[in-house]
Novice: 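Sending over a structure as structure tokens; questions will come in a sec.
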Amino acid sequence: MSERLMVKAERVHKSFGATHVLKGIDLQVRAGEVFCIVGPSGSGKSTFLRCINHLEKISAGRLWVDGELVGYRQKGNKLYEMREREVAAQRRDIGMVFQRFHLFPHMTAAENVMEAPIQVKGMRKAEARERAEALLRRVGLGDRGDHYPSQLSGGQQQRVAIARALAMEPKLMLFDEPTSALDPELVGEVLDVMRGLAEDGMTMIVVTHEMGFAREVGDSLVFMDQGVVVESGDPAEVLTRPQHERTKAFLSKVL
């Protein structure tokens with residue numbers, strides 16, 4: 001893992017109207033790190049993830065990805081919001097996998113993976129297909145390229161979604177509870193793909209309920225509750241010897 005910071009959050013706040021969802025998040029994720037975020041529903045985990053690629057605009061604070069301010073340009077002490085086109089360019093470097101797979105139902109698995117490289121990067125169709133086939137093999141679906149989403153299990157659809165995110169060659173992958181919509185017996189196949197990405201050195205931020213995965217694959221873990229980071233550290237340390245009462249109460253319910 002390098003010393004290069006891939007993500008830096010400084011006093012990040014996010015409000016939706018009167019609801020204060022993120023209350024001053026400070027954290028750092030190094031390049032090549034698997035960074036896990038755990039916590040109860042409604043603690044702000046998914047909102048924070050969406051702020052990293054500017055799907056949600058932060059209300060205060062600053063967020064950097066690979067040294068670049070996300071969504072804003074700074075001149076002197078003032079921040080100026082970027083145009084949508086500039087934000088979209090930043091977003092290309094960040095892959096995101098959601099709870100729900102969001103695949104295009106009228107496209108095959110391979111076409112789903114090919115779409116963004118063709119539309120966004122202007123990649124030639126033959127090259128995009130070759131790359132899509134390689135990525136589907138990488139996620140264990142080399143024989144499913146011509147299947148439509150409705151012909152695939154939930155676990156297979158989620159693996160196609162991972163391949164699709166990888167097709168843009170991101171430097172950072174965000175996973176928002178990627179296994180929570182899956183039947184229990186399909187969870188393992190998605191986690192195996194994520195393990196492989198970790199071994200390949202992909203920087204990953206993973207919001208998850210899979211504590212075994214966090215302990216085994218994670219390099220760092222934060223426990224969030226009510227919009228703040230309550231506790232952070234080595235996953236095994238936090239999960240087996242939590243220091244904070246709120247962390248202990250949460251873990252007693254999920255472990």
Side-chain angles (χ1 to χ4, degrees), residues 45-57 65 70-71 83-197 200 202-208 210:
K45 310 182 300 291
S46 296
T47 299
F48 177 66
L49 222 51
R50 292 169 68 84
C51 289
I52 293 172
N53 65 359
H54 209 60
L55 286 174
E56 297 290 354
K57 294 176 187 172
V65 171
V70 174
R83 295 190 188 92
E84 188 50 47
R85 197 176 69 240
E86 297 168 295
V87 172
Q90 281 188 330
R91 217 175 265 146
R92 276 181 215 176
D93 291 329
I94 305 171
M96 186 152 183
V97 178
F98 300 89
Q99 292 179 28
R100 300 276 166 197
F101 327 120
H102 298 310
L103 298 177
F104 296 116
H106 62 288
M107 292 183 181
T108 64
E111 287 165 349
N112 265 284
V113 178
M114 292 162 64
E115 179 72 359
I118 291 171
Q119 297 300 335
V120 180
K121 286 191 166 177
M123 195 180 274
R124 290 198 320 278
K125 202 165 182 180
E127 189 186 344
R129 175 162 283 280
E130 204 172 293
R131 182 154 173 70
E133 286 168 356
L135 285 167
L136 288 171
R137 284 195 298 274
R138 185 176 177 184
V139 299
L141 294 171
D143 58 344
R144 293 285 193 278
D146 294 330
H147 287 55
Y148 288 90
S150 61
Q151 299 169 306
L152 301 171
S153 72
Q156 289 170 334
Q157 289 184 62
Q158 192 59 296
R159 287 186 280 153
V160 174
I162 293 172
R164 180 179 60 182
L166 293 172
M168 291 297 285
E169 300 181 300
K171 49 188 168 187
L172 169 65
M173 284 283 280
L174 308 176
F175 291 89
D176 188 10
E177 297 187 18
T179 58
S180 67
L182 300 179
D183 293 333
E185 70 270 21
L186 302 177
V187 167
E189 61 192 47
V190 173
L191 294 181
D192 283 344
V193 169
M194 292 167 67
R195 272 188 199 93
L197 292 179
D200 292 345
M202 174 63 77
T203 312
M204 295 157 58
I205 302 181
V206 185
V207 170
T208 186
E210 303 292 336

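Values reported hereafter were calculated over all heavy atoms of this structure, with side chains retained and with hydrogens, waters and symmetry mates removed.
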Novice: Salt bridge between Glu130 and Arg124, side-chain N to carboxylate O under 4.0 Å?
Specialist: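 Here Glu130 does not pair with Arg124 in a salt bridge, since their nearest N and O are not under 4.0 Å apart.
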Novice: Are the side chain of Arg159 and the backbone of Val139 linked by a donor-acceptor contact shorter than 3.5 Å?
Specialist: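 Yes, because the side chain of Arg159 sits within donor-acceptor range (under 3.5 Å) of the backbone of Val139.
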Novice: Would you indicate whether the side-chain heavy atoms of Asp93 and Val65 approach each other to under 4.5 Å?
Specialist: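 No, too far: nothing below the 4.5 Å cut-off.
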Novice: Atom CE of Met96 and atom CG of Leu172: how far apart are they, to the nearest 0.5 Å?
Specialist: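 Taking CE in Met96 and CG in Leu172, the distance rounds to 10.0 Å.
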Novice: Got a sec: does the NZ of Lys171 have more than 12 other heavy atoms crowding it under 6.0 Å?
Specialist: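 More than 12 within 6.0 Å, yes.
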Novice: For the residue pair Ile118 and Ala128, what are the closest heavy atoms and their distance?
Specialist: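 Closest approach of Ile118 to Ala128: CG1-CB, 3.7 Å.
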Novice: How many angstroms lie between CG in Leu186 and CD in Gln156, if you round to the nearest 0.5 Å?
Specialist: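 Going from CG on Leu186 over to CD on Gln156, the span is 8.0 Å.
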Novice: Between Lys121 and Met168, is there a donor-acceptor pair closer than 3.5 Å when you use the side chain of the first and the backbone of the second?
Specialist: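 At least one qualifying donor-acceptor pair exists.
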Novice: Does Met204 reach the side chain of Val206, with side-chain heavy atoms less than 4.5 Å apart?
Specialist: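 Yes, side chains in contact.
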Novice: Atom CG of Asp176 and atom OG1 of Thr47: how far apart are they, to the nearest 0.5 Å?
Specialist: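 That separation rounds to 9.0 Å.
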Novice: For Ile52 versus Val70, what's the shortest heavy-atom pair and its separation?
Specialist: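 Closest approach of Ile52 to Val70, heavy atoms only: O-CG1, 3.5 Å.
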Novice: Passes side chain to side chain contact (heavy atoms under 4.5 Å, CB included), Phe175 versus Ile162? Steps please.
Specialist: CA-CA 9 Å; Phe175 291 89; Ile162 293 172; 3.9 Å; yes
Novice: Could you tell me which non-hydrogen atom of Asp146 sits nearest to which non-hydrogen atom of Gln151, and how far apart they are?
Specialist: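 Heavy atoms only, the tightest pair is O-OE1, 4.3 Å.
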Novice: Mind checking the NE2-CG spacing from His147 to Leu136? Nearest 0.5 Å is all I need.
Specialist: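 With rounding to 0.5 Å, NE2 (His147) is 11.5 Å from CG (Leu136).
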Novice: Given side chain to side chain contact (heavy atoms under 4.5 Å, CB included), test Phe104 with Glu111 step by step and report yes or no.
Specialist: CA-CA 9 Å; Phe104 296 116; Glu111 287 165 349; over 6 Å; no
Novice: Look up atom CD in Gln158 and atom NE2 in His102, then write down how far apart they are to the nearest 0.5 Å.
Specialist: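 Result: 9.0 Å between the selected atoms.
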Novice: Should the pair Arg131-Glu127 be classified as a salt bridge under the 4.0 Å nitrogen-to-oxygen rule?
Specialist: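 No salt bridge links Arg131 with Glu127.
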Novice: Where is the tightest heavy-atom contact between Ala132 and Met114, given as atom of each residue plus distance?
Specialist: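 Looking at all heavy atoms of both residues, the closest pair is CB-CG, 3.6 Å.
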Novice: Does the side chain to side chain contact (heavy atoms under 4.5 Å, CB included) test come out yes or no for Leu197 and Leu166, once each step is laid out?
Specialist: CA-CA 10 Å; Leu197 292 179; Leu166 293 172; 3.7 Å; yes
Novice: Val120 vs Arg91, test: side chain to side chain contact (heavy atoms under 4.5 Å, CB included). Steps then yes/no.
Specialist: CA-CA 11 Å; Val120 180; Arg91 217 175 265 146; over 6 Å; no
Novice: What's the separation between atom CG in Asn53 and atom CD in Gln90, rounded to the nearest 0.5 Å?
Specialist: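 The CD atom of Gln90 is 10.0 Å from CG of Asn53, to the nearest 0.5 Å.
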Novice: So, for Ala161 and Phe101, which heavy atoms are closest and what is the spacing to 0.1 Å?
Specialist: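 Residues Ala161 and Phe101, closest heavy atoms: CB-O, 4.0 Å.
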Novice: With side chain to side chain contact (heavy atoms under 4.5 Å, CB included) as the test, pick out the partner of Leu174 among Leu49, Leu55, Val207, Thr203.
Specialist: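 Single pass found, and it is Leu49.
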Novice: Would you name the heavy atoms of Pro149 and Pro105 that are closest together and state the gap between them?
Specialist: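 Minimum heavy-atom contact is CD-O, 3.8 Å.
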Novice: Indicate yes or no: at least one non-hydrogen side-chain atom of Asp200 is less than 4.5 angstrom from one of Arg138.
Specialist: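 They are in side-chain contact.
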Novice: Would the distance check show the side chain of Gln157 and the main-chain N or O of Leu152 forming a donor-acceptor pair, the cut-off being under 3.5 Å?
Specialist: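 Checked: pair present.
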